[in-house]
Student: 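Structure provided below as structure tokens; questions to follow.
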Amino acid sequence: MVNKERGTFAVKTGLAGGALNIPQLKTPLKPTCYAGARTFMTPPASPNHRAVPIVDAESQAHLLRFPPILWYLGTMLDKMRNIGIMAHIDAGKTTTTERILYYTGKIHRMGEIDDGAATMDWMQQEQERGITIQSAATTTFWRGFQINIIDTPGHVDFTAEVERSLRVLDGAVAVICAVGWVQPQTETVWRQADQYQVPRIVFVNKMDRVGADFLAALADIREKFGARTLALQIPIGQGSGFEGVIDLVNMKEVRWGAADEGETMITGDIAPVRLDEAHKARAQLVDDVAAFSDEVADLFLAGDPVGAEALVREIRRGTVARLCVPCLCGASRRNMGVQPLIDAAADFLPAPDERPPAKAFHTKKEANVDIPCNPEGPPLGLVFKIQHDREAGSLCYVRMYSGRIKAGDQVYNVGKKKRERVNRLFRMHANKSEPIDSVAAGDIAVMVGFKLAQTGDTVGTEGLPVLLEKMHFPEPVISVSIESATLSERDKLKDILEILSREDPTFTSRDDPETGQLLISGMGELHLDVLVRRMLDDFKLDASVGSPRVTYRESVTAGAECHETYDRVIGGKSQTAGVTVRVEAAPRGSGSVYECAARKAGIPGDVLDAVADSVTSCFSSGIRWGYPCIDVKATVTALDYNELTSTPAAFASCAAAAFTSACERASPELFEPVMIVDILTPGEFLGEAMNQITARGGIITSTESRTATEVVHAEAPMAKMFGFSTSLRSVTKGRASFSMEFGHFERAVKPGNGDPV
């Protein structure tokens with residue numbers, strides 16, 4: 001098959017070896033074997049061209065079912081998709097991803113989460129717990145498209161994994177439960193996708209469950225998110241009677257063969273009994289598209305039929321512009337509805353060069369600049385995830401935004417102002433890796449060899465010193481103490497904590513100055529339990545762990561200004577400095593902010609950096625109780641500099657003293673985390689569930705009735721929520737469940753007198 005317009009060549013081959021001559025290519029194809037696999041590769045026609053194997057045939061049986069197909073792509077960007085699978089826990093993300101990999105030929109046997117055999121859930125704890133803990137990346141191919149997929153966790157404790165994935169993705173597939181509709185974590189990931197302006201499509205999963213309602217799920221999406229949903233399909237039956245779908249774009253019925261695990265799609269005409277319903281649904285689809293498409297609106301008003309090609313083209317335009325959200329349905333566990341979902345990801349989600357240019361800050365020009373997605377531009381990438389490997393060290397997941405990086409190249413870490421070498425490049429498939437020679441703009445790869453890189457670092461070249469927009473992660477809200485069994489294990493513990501904190505930005509550790517204990521902090525009980533298990537089992541650490549405790553915060557409630565001077569003789573040399581700092585309360589939830597409003601003329605840059613580093617480090621050390629500061633705005637208003645005696649160290653000490661003194665005068669107070677709690681319970685246990693939350697000092701904000709389920713929305717202090725799961729299950733006979741995520745910090749008080757804890 002030759003398609004000159006798209007610049008692609010597809011070649012089907014059998015098991016025989018030897019070279020294949022294709023007139024359009026100057027050099028014949030030659031089979032290449034590596035790592036026990038057989039793949040056909042093409043020689044590149046130019047530096048912009050490269051060969052991509054669609055199928056890596058790992059066994060003869062797999063090869064017989066999926067003959068090796070090779071696509072030679074003239075330009076890769078228009079045939080590339082970077083997508084993430086996101087949803088609430090237990091909505092079916094990993095199950096759906098497993099089917100995608102199977103139908104695209106990436107794997108030749110589907111694994112189930114319940115059996116601990118899912119490809120993307122490769123960690124031992126993921127297999128034991130039956131949940132996704134770490135986002136896992138893979139690359140597969142479908143209809144000539146290269147699809148980079150990231151399967152993200154659904155539990156709120158691992159929301160940072162979703163955050164950093166969405167930061168670098170061009171599109172997302174939101175998996176919605178057909179029974180639960182929009183669930184709490186769905187709202188969280190949807191807001192994250194809005195923050196990074198990620199186009200998305202929706203897959204309403206579990207249509208085979210009792211109580212499934214496709215149209216009600218779409219209505220819930222419209223109500224909660226204000227999104228314009230486009231139903232591209234309607235189900236044939238729901239619940240136990242779910243048989244297939246009606247494709248409203250092509251007006252066909254689609255079913256899946258049970259004998260070959262849904263691999264065979266059976267397409268036929270719409271049954272007469274369902275024809276009226278299908279015509280009404282398609283008319284609604286056309287009407288919805290006409291709301292943002294002049295082309296479809298003109299056809300609609302003229303009474304002309306709207307063809308499938310025009311409909312797909314305009315839906316794609318609307319999806320890329322985030323004007324609409326295409327919606328499909330199916331039942332992944334029963335192997336129904338996945339292939340149309342892959343088609344929709346390829347047809348409607350954007351290519352890397354269709355997204356707006358990446359925003360960056362030029363460190364020399366001190367101005368914001370746009371970075372277009374250009375493989376021929378200067379190299380620039382973002383480290384969005386770090387994973388520790390026992391043999392290779394740190395695996396740095398990098399999304400390229402410009403240029404190309406090859407294995408062996410030396411790159412510049414703009415934030416650290418250090419050069420590092422890319423020893424090796426890999427394309428990942430869960431925890432398996434495939435070496436590659438280079439990675440270009442729009443693609444995602446793993447780089448090995450970085451020693452200083454952290455999540456959020458920008459790597460590129462000194463000729464373009466720009467910082468890509470950093471990611472924002474929530475604050476840890478729960479802590480436990482950890483103590484090594486022996487002194488020899490203490491150094492090992494510190495090394496492990498450094499590795500884990502590089503991997504996970506929401507995991508922190510600190511020494512408690514009052515008790516001398518080492519405290520580790522995370523996003524929840526499950527988050528810390530997973531990390532502690534990794535320390536004890538994976539890293540073979542001998543340590544004891546204390547009970548969970550709440551991580552409080554400190555803030556100021558007034559404004560104050562303080563001037564401090566520093567005058568010391570150190571090593572026979574006089575060192576002086578003078579700093580004036582003004583502190584005030586920032587809006588709740590805005591975070592702590594540092595500004596320098598002092599005159600900078602004649603003051604060296606290393607002195608200004610020392611003052612900035614000193615004040616920002618004070619944010620984490622606290623004011624009075626030793627907890628990190630939140631929502632504090634610190635402004636340096638004056639600097640007393642003497643070119644003969646002033647040093648960066650003197651200014652650092654002086655700035656810290658000025659900040660602490662100003663905060664002490666600004667009425668500091670202690671704040672505790674308040675959690676947003678959502679309880680799902682049968683109607684007969686609604687009263688008991690509400691009593692459980694109010695008895696713990698919680699406030700019920702609203703209730704919601706759904707099919708066979710009541711939802712209670714509440715807020716409660718985290719300190720009172722330990723053990724809530726056991727109590728809730730006890731009073732509801734195990735039929736209720738809940739989810740909890742961090743909401744905000746509130747002033748911590750003792751019951752009765754209103755004094756800080």
Student: Is there a side-chain contact between Asp640 and Val579, using heavy atoms and a 4.5 Å cut-off?
Tutor: no
Student: Between Val422 and Val411, does a side-chain contact (heavy atoms from CB on, under 4.5 Å) hold up when you go through it step by step?
Tutor: CA-CA 7 Å; Val422 181; Val411 297; 4.0 Å; yes
Student: Considering only NZ, NE, NH1 and NH2 on the basic side and carboxylate oxygens on the acidic side, decide whether Arg490 and Glu483 come within less than 4.0 Å.
Tutor: no
Student: Run Asn368 and Lys359 through side-chain contact (heavy atoms from CB on, under 4.5 Å) and show every step you take.
Tutor: CA-CA 7 Å; Asn368 294 322; Lys359 302 294 182 182; over 6 Å; no
Student: Output yes when Glu664 and Arg624 qualify as a salt bridge under the 4.0 Å nitrogen-oxygen rule, no when they do not.
Tutor: yes
Student: Side chains of Tyr566 and Gln575: any donor to acceptor distance under 3.5 Å?
Tutor: no
Student: Would a distance-only check, ignoring hydrogens and angles, find a side-chain to backbone donor-acceptor pair under 3.5 Å from Ser394 to Cys396?
Tutor: no
Student: Does Phe539 offer a backbone N or O that forms a donor-acceptor pair with the side chain of Lys492 under 3.5 Å?
Tutor: yes
Student: Please confirm whether the backbone N or O of Val569 pairs with a side-chain atom of Ser574, one donor and one acceptor, at under 3.5 Å?
Tutor: no
Student: Do Leu464 and Tyr412 make a side-chain contact, defined as non-hydrogen atoms from C-beta onward lying under 4.5 Å apart?
Tutor: no
Student: Compute whether any side-chain donor of one residue and acceptor of the other, for His744 and Glu746, lie under 3.5 angstrom apart.
Tutor: yes
Student: Using the test side-chain hydrogen bond (donor to acceptor under 3.5 Å, both in side chains), find all partners of Ser509 that sit at least two apart in sequence or belong to another chain.
Tutor: none
Student: In terms of side-chain geometry, is the basic nitrogen of Arg399 or Asp170 positioned less than 4.0 Å from the acidic oxygen of its partner?
Tutor: yes
Student: If you look at every heavy atom in Cys562 and Ala658, which pair is closest and at what distance?
Tutor: CB-O, 3.9 Å
